[in-house]
Chemist: 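Handing you a structure now.
Atoms considered below: every heavy atom in the structure, side chains included; atoms not considered: hydrogens, waters and symmetry mates.
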Amino acid sequence: MNDNGIIEKIIALKEERDAIILAHNYQEGPVQDVADLIGDSLELSRAAATLDGSVIIFCGVDFMAETAAILSPQKKVILPAHDAGCPMAEMVTAEEIRSARARFPDAAVVAYVNTTAEVKAESDICCTSANAVKVVNSLPNDQVLFVPDRNLARYVGRFTTKQVIPWEGYCIVHDLITVEDVTMAKQGHPGAEVLVHPECRPEVIDVADFVYSTSGMIRHVCEGNEPAYIIGTEIGILYRMQKDCPGKSCYPLSGRAVCTNMKKTNLSLLFRSLENLAPQVTVPGPIAKRARNAIERMLAVT
Ligand code: 13P
Ligand code: SF4
């Protein structure tokens, strides 16, 4: 079946199944094109909590689908690529949080949404790249243990008087971006603004013009007056950026910034998942309940 044929079938089956398709900004173009909503982690969490429909097809990685399942227990949440994980989310465990709490009894535990449901269940509150500073500053504690992304933790530390203790996790895609990449991209595109994701290393953030979540970058480019932008995040974002922001030139900061897990979803898997309503993502009740508290606290902040 060619792309057009499969797209027609997906659209028809979506109606039949009363499903909504959510896609992260890093998804492949054809997947974005059939989605009902494309966004960053925060926007997709909000959508999962509020949109109608009995089924959510989540085109992204597993922690995003888990978050949707936690927020919408009455809906069936499907992750078309069953093995689309986020390596950073595996860099901290629930057991490690429990022992860290004993070492830092006065600290609030803030879990980046890129964590497992078990880790969220052990945390006081969640955050995403879009609201991390706001979430940390909303807490009464003077000390915050921030898991698992050390780079986002250090970025947040720039905007708070609280002591932010970083966990030693990182994104294998953003952590690879270097200052030399920025220098070379600027040489290739003189005058272009440099936008980076807060999962980048501190020294990369120091030489960037702006730091945003993925949707924050898209808004900045669409609303900006500059003609050219260098984009320091996963390259999948460029598809939506070029489509939504006509007349602007956008260049990847690094061609190596590819999240293979985000590329596992394709139209055939999406179609098959709608047909079979599988693979379904579920979170056991007691864990879901505690994880939901941490996510809902975050949603109440922003
Ligand atoms: P955003 O929430 O900014 O979309 O980031 C998600 C992510 O996984 C970045 O690597
Ligand atoms: Fe995880 Fe990094 Fe991929 Fe985002 S880009 S899903 S943080 S591995």
Side-chain angles (χ1 to χ4, degrees), residues 1-90 113-118 120 173 214-215 234-237 239-240 243 258-285 287-288 291-292 295:
M1 213 184 320
N2 62 20
D3 268 12
N4 286 343
I6 210 165
I7 289 166
E8 269 175 32
K9 283 182 180 270
I10 287 172
I11 292 167
L13 204 48
K14 196 174 70 165
E15 287 279 291
E16 215 176 284
R17 299 279 193 248
D18 187 28
I20 52 162
I21 301 177
L22 303 182
H24 186 264
N25 288 322
Y26 294 158
Q27 289 291 297
E28 299 277 26
V31 173
Q32 293 195 20
D33 286 345
V34 294
D36 295 294
L37 193 120
I38 314 160
D40 64 11
S41 309
L42 183 60
E43 291 166 337
L44 295 176
S45 300
R46 286 195 191 287
T50 52
L51 287 182
D52 291 338
S54 1
V55 175
I56 295 174
I57 307 287
F58 211 117
C59 303
V61 291
D62 55 7
F63 74 81
M64 296 177 173
E66 267 189 0
T67 304
I70 292 165
L71 286 170
S72 278
Q74 73 290 0
K75 293 186 186 129
K76 226 178 210 185
V77 177
I78 309 293
L79 182 67
H82 72 94
D83 58 344
C86 169
M88 172 155 61
E90 304 302 322
V113 75
N114 300 41
T115 44
T116 61
E118 289 80 3
K120 289 183 178 78
V173 177
T214 55
S215 288
E234 210 276 340
I235 60 169
I237 195 174
Y239 179 79
R240 180 172 171 206
K243 202 170 157 184
V258 178
C259 177
T260 49
N261 283 289
M262 283 284 184
K263 305 296 173 236
K264 287 181 177 168
T265 310
N266 55 39
L267 290 180
S268 318
L269 281 184
L270 180 43
F271 173 64
R272 211 177 308 152
S273 71
L274 264 169
E275 209 173 28
N276 303 329
L277 292 185
Q280 188 178 355
V281 174
T282 54
V283 179
I287 290 171
R292 188 184 170 115
I295 301 167

Chemist: Check whether any side-chain heavy atom of D18 sits under 4.5 Å from a side-chain heavy atom of V55, and report yes or no.
Modeler: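 Answer no - side chains too far apart.
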Chemist: How long is the straight-line distance from CD1 of I78 back to CD1 of I57, given to the nearest 0.5 Å?
Modeler: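 CD1 of I78 is found 5.5 Å from CD1 of I57.
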Chemist: For the atom pair CG (L22) and CD1 (I38), what is the distance rounded to the nearest 0.5 Å?
Modeler: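 Those atoms lie 10.5 Å apart.
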Chemist: Filter on ring-ring contact (aromatic ring centres under 6.0 Å, His included), then keep only pairs touching residues 44-74, sequence neighbours left out; what's left?
Modeler: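 For residues 44-74: none.
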Chemist: Got a sec, which residues hit salt bridge (Lys or Arg N to Asp or Glu O under 4.0 Å) with K263, two or more places apart in sequence or on another chain?
Modeler: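 Salt bridge (Lys or Arg N to Asp or Glu O under 4.0 Å) check on K263 returns E234.
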Chemist: Could you list the residues that satisfy side-chain contact (heavy atoms from CB on, under 4.5 Å) with D52, not counting sequence neighbours?
Modeler: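 Listed in chain order: nothing, the list is empty.
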Chemist: Do L267 and I10 come within less than 4.5 Å of each other through their side chains, counting heavy atoms only?
Modeler: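 Of all side-chain heavy-atom pairs linking I10 with L267, at least one is under 4.5 Å.
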Chemist: Return a table of donor-acceptor pairs under 3.5 angstrom between the side chains of residues 271-280 and protein atoms on other chains or two or more places apart.
Modeler:
residue : atom : partner : partner atom : Å
S273    : OG   : L269    : O            : 3.3
S273    : OG   : L270    : O            : 2.8
N276    : ND2  : R272    : O            : 3.4

Chemist: For Q32, give me all partners under side-chain hydrogen bond (donor to acceptor under 3.5 Å, both in side chains), at least two apart in sequence or on another chain.
Modeler: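 For Q32, no residue satisfies side-chain hydrogen bond (donor to acceptor under 3.5 Å, both in side chains) once neighbours in sequence are set aside.
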Chemist: Below 4.5 Å, heavy atoms only, C-beta onward: do S268 and I6 meet side chain to side chain?
Modeler: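 Side-chain contact under 4.5 Å: yes.
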Chemist: If I take atom CG from residue D62 and atom CG from residue N114, how far apart are they, to the nearest 0.5 angstrom?
Modeler: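 That separation rounds to 10.0 Å.
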Chemist: Please walk me through it: do E16 and L13 pass side chain to side chain contact (heavy atoms under 4.5 Å, CB included)?
Modeler: CA-CA 5 Å; E16 215 176 284; L13 204 48; 3.9 Å; yes
Chemist: What residues form a side-chain contact (heavy atoms from CB on, under 4.5 Å) with A117, not counting sequence neighbours?
Modeler: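 In terms of side-chain contact (heavy atoms from CB on, under 4.5 Å), with neighbours along the sequence ignored, A117 is linked to E66, I70, V283, I287.
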Chemist: If I compare all heavy atoms of N25 with all of S215, which pair ends up nearest, and what's the gap?
Modeler: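 Closest approach of N25 to S215, heavy atoms only: ND2-OG, 3.0 Å.
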Chemist: Minimum heavy-atom separation for S45 to L71, with atom names?
Modeler: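 S45 and L71 have their closest heavy atoms at O-CD1, 3.5 Å.
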Chemist: So which pairs with a foot in residues 25-40 pass salt bridge (charged side-chain N to carboxylate O under 4.0 Å, His left out), sequence neighbours left out?
Modeler: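 Found K14-D36, D33-K243.
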Chemist: Could I get the full list of salt bridge (Lys or Arg N to Asp or Glu O under 4.0 Å) partners for R292, not counting sequence neighbours?
Modeler: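 With neighbours one apart ignored, the set is E296.
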Chemist: State, to 0.1 Å, how close G60 and T265 come at their nearest heavy-atom pair, and which atoms those are.
Modeler: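 The pair with the smallest heavy-atom distance is O-OG1, 4.2 Å.
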Chemist: In chain order, what residues pass the salt bridge (Lys or Arg N to Asp or Glu O under 4.0 Å) check against E43, with sequence neighbours excluded?
Modeler: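 Checked E43 against salt bridge (Lys or Arg N to Asp or Glu O under 4.0 Å); matches are R219.
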Chemist: Any pair with a residue in residues 7-51 that passes ring-ring contact (aromatic ring centres under 6.0 Å, His included), sequence neighbours left out, goes on the list, sorted by first then second residue, please.
Modeler: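 Pairs touching residues 7-51 that pass the test: H24-Y26.
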Chemist: Can you sort out the partners of N261 under side-chain contact (heavy atoms from CB on, under 4.5 Å), two or more places apart, ordered by chain and number?
Modeler: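 Scan of N261 (side-chain contact (heavy atoms from CB on, under 4.5 Å), adjacent residues dropped) gives V61, P87, C259, K264.
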Chemist: So, for A68 and V77, which heavy atoms are closest and what is the spacing to 0.1 Å?
Modeler: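 Result for this residue pair: C-CG2, 4.0 Å.
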Chemist: Roughly how far apart are K76 NZ and T282 OG1, rounded to 0.5 Å?
Modeler: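 Reported value, rounded in 0.5 Å steps: 11.0 Å.
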Chemist: How many angstroms lie between atom CD of E90 and atom OG1 of T115, to the nearest 0.5 angstrom?
Modeler: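 So the gap between those two atoms works out to 10.0 Å.
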Chemist: Sort and list the pairs that fulfil ring-ring contact (aromatic ring centres under 6.0 Å, His included) and have at least one residue in residues 68-88, not counting sequence neighbours.
Modeler: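 Those involving residues 68-88 do not exist here.
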